[in-house]
Structures are given as structure tokens and as C-alpha cells.
Amino acid sequence: MLVFAMRAGVAHAHGVVGDYIFLEPLITQDPAPANEFDILGPSWVKSSDGNDYSISSSIEKVLWIDDNYMPRFSIGGGSFWQHQSPFHGQNRDGFSNLTMFAKWAFFYSQKHEFLASIGAQIQVPVGNTGIQPSSHTSLGPTFLWEKGMGDLPNWPVLKYLRPLGIQTDFGYVPAIGGPTNHHMFSDAVIEYSLPYLSNNVEDIGLKWPLRNMFLFNEFNYDQLITGPSGQTFPTILATPGLAYVSYHFEVEMGTQFALNNASRPGTHAAILGLIDIFYDSFFPKWGNWTINRGPGE
């Protein structure tokens with residue numbers, strides 16, 4: 001399992017659209033270009049066949065910002081180390097595919113807290129052949145969008161829905177030069193921002209660390225459209241969790257539940273985590289460097 005769990009200047013803040021600060025999700029790809037280093041993404045999954053441990057890492061760099069200092073284009077990449085411990089047979093471990101991507105935020109509305117991106121993703125099979133899912137390079141497009149609900153009316157009761165946010169992705173990454181592992185995925189995360197509640201709706205007296213917490217639930221779909229016989233069934237999971245987001249970093253943890261019969265043998269129990277560093281907040285000059293504007297201030 002690959003868990004990519006993928007502020008500064010005037011508007012370089014991570015995932016900010018309007019007044020809403022969006023999460024870096026555990027699995028769903030973040031639509032907003034950002035300067036961040038997912039320094040540690042540990043996971044443990046117990047299946048009907050054994051235990052699977054992995055540690056992922058990735059980095060993303062904004063290369064273009066517009067006249068409103070909104071990040072518009074970024075590139076990044078990452079991989080993960082995995083240890084498979086089956087109940088029967090020998091253990092296996094090693095690195096999996098190297099995944100690289102480019103992302104362009106082609107439209108956003110600060111007023112409506114909405115952003116949409118398109119991108120390209122390439123997976124290069126440079127890891128351990130016993131761990132990585134395919135021996136062929138894969139390349140395909142992605143489409144991503146996110147929406148905060150802060151434009152809902154500030155009416156009694158209804159106003160408490162304004163801290164809700166939605167992030168989604170869809171991708172189709174077919175193999176190049178081979179018939180296996182034509183991969184399609186789609187994810188969505190629904191999140192509730194306690195910082196947005198306190199700062200933009202009503203201060204209900206939350207103290208640290210609750211004031212910086214997000215509650216979220218992801219829905220994850222993953223399937224090999226073309227692949228080895230018996231391995232093309234869809235995996236559909238729910239991934240609820242909690243996240244703490246500060247100016248410098250994000251820490252989150254979640255678990256997973258199978259939502260269809262094909263997913264149950266592979267997800268008897270799971271714990272996922274993420275430590276995400278917003279490196280431009282520590283090193284604003286080179287962290288905020290872009291092609292069109294040079295070093296940050």
C-alpha cells in the first residue's frame with residue numbers, strides 16, 4: 001500500500017483558498033500546489049495473509065505563483081519502503097515504485113473557497129521487484145478539486161456547516177510497454193476544521209491543541225482496470241482520522257475499514273500516519289523560490 005500522504009509570503013500558506021486551510025490528506029492527493037515535505041508516512045495493515053508495514057516519504061515544490069501570490073504549478077515525487085510479513089512463507093522488504101508528478105491549479109475562487117487542478121503522474125519501477133506492483137513504467141493524468149463551505153449563509157445552526165471542506169482526486173495511470181497494472185483510483189475526503197470554526201464562525205472557547213484539530217473521513221477507491229487474473233477487483237475503503245495542523249507542520253493519524261467484500265481480506269486492521277513539514281515556513285527565502293519571482297522574502 002502506498003500512502004502519500006503528498007504558508008509563507010502573502011499567500012504561500014499550505015492549501016489556503018480564501019479563508020479555508022485544507023488538509024494534506026493521508027491518501028487523497030492534495031489539489032493545491034504547495035511547498036511541503038512528507039517526512040514520514042508510516043502504515044501498518046493486517047490482512048488475511050499477513051502483516052504489511054511501510055514508511056513513505058515525498059516532497060513537493062511550487063515553481064510558479066500568480067500576481068495574487070497564489071501557488072499555481074508544482075512538481076514533486078516520492079517512494080516508500082515496505083516490509084511484508086506473511087503468515088506463511090518468507091518475509092519480503094524493499095522500496096517500491098518511484099512516483100513523480102506535476103500539478104497545475106488552472107482555476108480557483110477565493111470567494112467560494114474553491115480550487116481545481118490537473119496533473120500528470122508517472123511511476124518508474126526502480127524498486128524491489130518483489131514489492132513493487134508492476135515492472136513497467138506507468139504514466140497518466142489526474143484531476144483534483146477542493147471546496148470549502150464558508151460561503152454558506154451565516155444563519156443559526158447552518159453556520160456550523162461552514163467549517164466543512166471537501167477534497168477529491170481522480171486518476172488513470174496505465175502501464176507503458178506492458179499489459180499489466182492499468183491503474184485507476186478516486187478518493188474524496190470530507191473534513192471539519194475546528195480552526196475555521198473558532199476563527200470564522202464562532203469562538204466556542206476551544207484551547208490548544210483542539211483549536212488546531214481537524215476531523216476527517218476519506219473514501220478511497222482503487223482498482224487495476226487491466227491486470228493479473230483475480231487481482232482486478234475494486235478496493236473501496238473508508239479512512240477516518242484526526243489531524244493537528246500548525247503553521248510549520250501537520251500531524252495526522254487514521255485507520256481503515258473495508259466498504260466492499262473484495263476489500264475485507266486485505267484490511268482486517270490498519271493504522272496510518274503522516275508527519276508533513278511546511279518547509280517554506282522554516283526557510284522562506286529558498287523555500288518560496290519560484291521560476292517567475294525568484295527567492296522569497
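Fair warning: this is a prediction, and the values are worked out from it, not measured in the lab. All residue numbers refer to positions in the sequence shown, counting from 1.
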Please state whether the rings of Phe107 and Phe114 are parallel, tilted or perpendicular, taking 30° and 60° as the class boundaries.
tilted

Does a side chain donor of either [X] or [Y] reach within less than 3.5 Å of an acceptor in the other side chain?
X      : Y      : value
Ser47  : His268 : no
Asn200 : Arg162 : no
Gln82  : Asp52  : yes
Glu60  : Ser74  : yes
Trp145 : Thr168 : yes
Tyr279 : Trp286 : no
Thr28  : Gln167 : no

Set of salt bridge (Lys or Arg N to Asp or Glu O under 4.0 Å) partners for Asp49, sequence neighbours left out
none

Check salt bridge (Lys or Arg N to Asp or Glu O under 4.0 Å) between Lys147 and all other residues, then give those that pass, not counting sequence neighbours.
Asp151

Kindly work out whether a path of hydrophobic side-chain contacts (I/L/V/M/F/W/Y, heavy atoms less than 4.5 Å apart) joins [X] to [Y].
X      : Y      : answer
Phe216 : Ile271 : no
Leu197 : Trp155 : yes
Leu152 : Ile166 : yes

Is the closest side-chain heavy-atom distance between [X] and [Y] below 4.5 Å?
X      : Y      : answer
Val201 : Pro163 : yes
Pro125 : Thr137 : yes
Asp67  : Arg293 : yes
Val17  : Phe22  : yes
Ser57  : Phe37  : yes
Leu206 : Leu194 : yes
Ser263 : Phe233 : no
Lys103 : Phe73  : no

Show the nearest heavy-atom pair for residues [X] and [Y], with the distance to one decimal.
X      : Y      : answer
Phe170 : Ser186 : CD1-CB, 4.0 Å
Leu272 : Ser43  : CD2-CB, 3.3 Å
Pro42  : Leu274 : CD-N, 4.3 Å
Tyr221 : Asp187 : N-OD1, 3.8 Å
Lys61  : Asn288 : NZ-C, 4.2 Å

For ring-ring contact (aromatic ring centres under 6.0 Å, His included), just list the numbers for His183 and Tyr172, CA-CA rounded to whole Å, side-chain angles, deciding distance to a tenth of an Å, and then say yes or no.
CA-CA 6 Å; His183 181 208; Tyr172 179 65; 8.9 Å; no

Main-chain N/O of Pro31 paired to Ser117 side chain as donor or acceptor, under 3.5 Å:
yes

Exam field: side chain Glu191 to backbone Leu23, donor-acceptor pair closer than 3.5 Å
yes

Contact list for [range], test salt bridge (Lys or Arg N to Asp or Glu O under 4.0 Å), sequence neighbours left out:
range            : value
residues 259-270 : none
residues 72-85   : Asp66-Arg72
residues 207-226 : Asp203-Arg211

Rounded distance [0.5 Å steps], CG in Asp276 versus OG in Ser58:
7.5 Å

If a pair satisfies ring pair (Phe, Tyr, Trp, His ring centres under 6.0 Å) and one of its residues is in residues 186-207, list it, with sequence neighbours excluded.
Tyr20-Tyr196

